[in-house]
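Worksheet: the structure to be examined is printed underneath.
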Amino acid sequence: MTDRVIPLLDQRFASPRLPVPEHPLAPTGLLSDALGRPLRDLRISVTDRCNFRCSYCMPKEVFDKYHEFLPHAELLSFEEITRLTRLFVAHGVSKLRLTGGEPLLRRHVERLIEMLAELRTPEGAALDLTLTTNGSLLAKKARALKESGLQRVTVSLDGLDDAVFQRMNDVGFPVAEVLRGIEAAQAAGLGPIKVNMVVKRGSNEDQILPMARHFRNTGIVLRFIEYMDVGATNGWRMDEVLPSGRVLEVLGREFELSSLSASAPGETAERWAYADGGGEIGLISSVTQAFCGDCNRARLSTEGKLYTCLFAHSGHDLRALLRGDYSDAQISGALGTLWGGRSDRYSQLRASQAPEAASGGGRRVEMHYIGG
Ligand code: SAM
Ligand code: SF4
Ligand code: SF4
């Protein structure tokens, strides 16, 4: 791995301020981008820090003791995040996911959850409020998270074998502690819980069956994620991607599975059910099967840059608007105009051309910084 890690070229401070148009679009909840896709899902990165060093996300060789994480003053405050989220909700967002870095490392994140849990859609409905975590602090925090208004969690876990998992997280973190976190989340009622497993060929594909056996009949949905070429530091290579089709073949050796229909438009996972009623699994095939066609997701970075695609190489600076003399109507108008002009479809283009050409050239943003 070490020989293929690529040094970080810092893109964080490069973004221009998002222009405020003279005649902005007022929020109607019915925004549509240049390809007819609505805005429904907002992923908010609350910290760029993490206590893991997963090689596919924050390789140790790059994110070492010399790496400068964002200073606190650069982060969006909880008030700023909530103000922006309210504007996004007026434009149609109904699903919020807190992510990072490791979101449970952000101090008092429960307070932010309380503030977000109070928001309502224009129809008066509560938002779908969830969080993705590596599970390391979940045993300690599950109950407080639930009490603050979080509805459910997704926990990342790349294997059940300690040697494999510790190699993946690269800080020697034990499987048992993540499992304890998942149990605590279940006990606190933070369900339905999803578990994300990134499958990297040559690293953890031998964990597919043990993970499936473990989470069957538990009500927890295990999702297998293809190792993606996000960011620019993980030295991604196509030959390390295990296509979802192969995951399905491996599962098929032991289980009978039948395909289910998507639960919602824009759903990233292809759903499969165990024929004997043991629950369901998901396959997220971001590399081998582009799902840009109904991508309704926007991502807000830790210091307030908006990314309209996971593979973008620059974001739009919303913090400059929040900290400038702009009204809610002006910021809302800027968001509406930005989404109206969105035409991102990186995964689709990647299928037909070189990755750098698909993202318009330049270095892509890192996953831990905008969240998954
Ligand atoms: N730290 C939290 C965690 O790991 O759950 C939240 C942030 S993490 C960036 C969000 C998700 O992105 C995780 O499920 C992680 O496995 C996934 N991820 C990170 N890098 C990835 C890559 N190169 N390919 C596929 N998934 C990746
Ligand atoms: Fe941290 Fe999550 Fe990235 Fe792993 S995937 S390094 S846990 S942010
Ligand atoms: Fe959405 Fe970009 Fe991923 Fe396509 S590549 S599904 S547009 S985030």
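For ligands, and for the atoms within them, numbers begin at 1 and follow the listed sequence. All values reported here derive from a predicted model rather than from experimental measurement.
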What I want to know is whether [X] and ligand 1 share at least one N or O pair that is separated by under 3.5 angstrom.
X	answer
D158	no
Y56	yes
G101	yes
I225	no

field: For ligand 2, the portion of C54 having any non-hydrogen atom under 4.0 Å away
entry: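 C54 to ligand 2: contacts from backbone and side chain alike.
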- request: Give the contacting part of V198 toward ligand 1: side chain, backbone, both or neither, where contact means a heavy-atom distance below 4.0 Å.
  value: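 Answer for V198: side chain.
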query: Side chain or backbone of T133 under 4.0 Å from ligand 1, or both, or neither, by non-hydrogen atoms?
result: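 It is the backbone that gets close, since no side chain atom is under 4.0 Å.
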Side-chain heavy-atom pair L335, H91 within 4.5 angstrom cut-off: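 Yes - at least one pair of side-chain heavy atoms lies under 4.5 Å apart.
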- prompt: Taking 2.8 Å as the cut-off, does an N/O/S atom of C309 lie below it from atom 2 (Fe) of ligand 3?
  reply: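 C309 does place an N, O or S atom closer than 2.8 Å to atom 2 (Fe) of ligand 3.
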Shortest reach to atom 4 (Fe) of ligand 3 by a heavy atom, considering only C295, S347, C292, G293: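 Minimum heavy-atom distance to atom 4 (Fe) of ligand 3 goes to C292.
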field: G101 near ligand 2 by a heavy-atom separation under 4.0 Å
entry: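 Yes, G101 has a heavy atom closer than 4.0 Å to ligand 2.
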Region of R299 that comes within reach of ligand 3 [heavy atoms, distance under 4.0 Å]: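 Within the 4.0 Å criterion, R299 contacts ligand 3 through side-chain atoms alone.
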message: Residue-level breakdown please: for Q348 versus ligand 3, do any non-hydrogen atoms fall below 4.0 Å on the side chain, on the backbone, on both, or on neither?
response: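 Within the 4.0 Å criterion, Q348 makes no contact with ligand 3.
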- request: Could you tell me whether F52 and F173 have their ring centroids closer than 6.0 angstrom?
  value: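 Close enough - the centres of the two rings lie under 6.0 Å apart.
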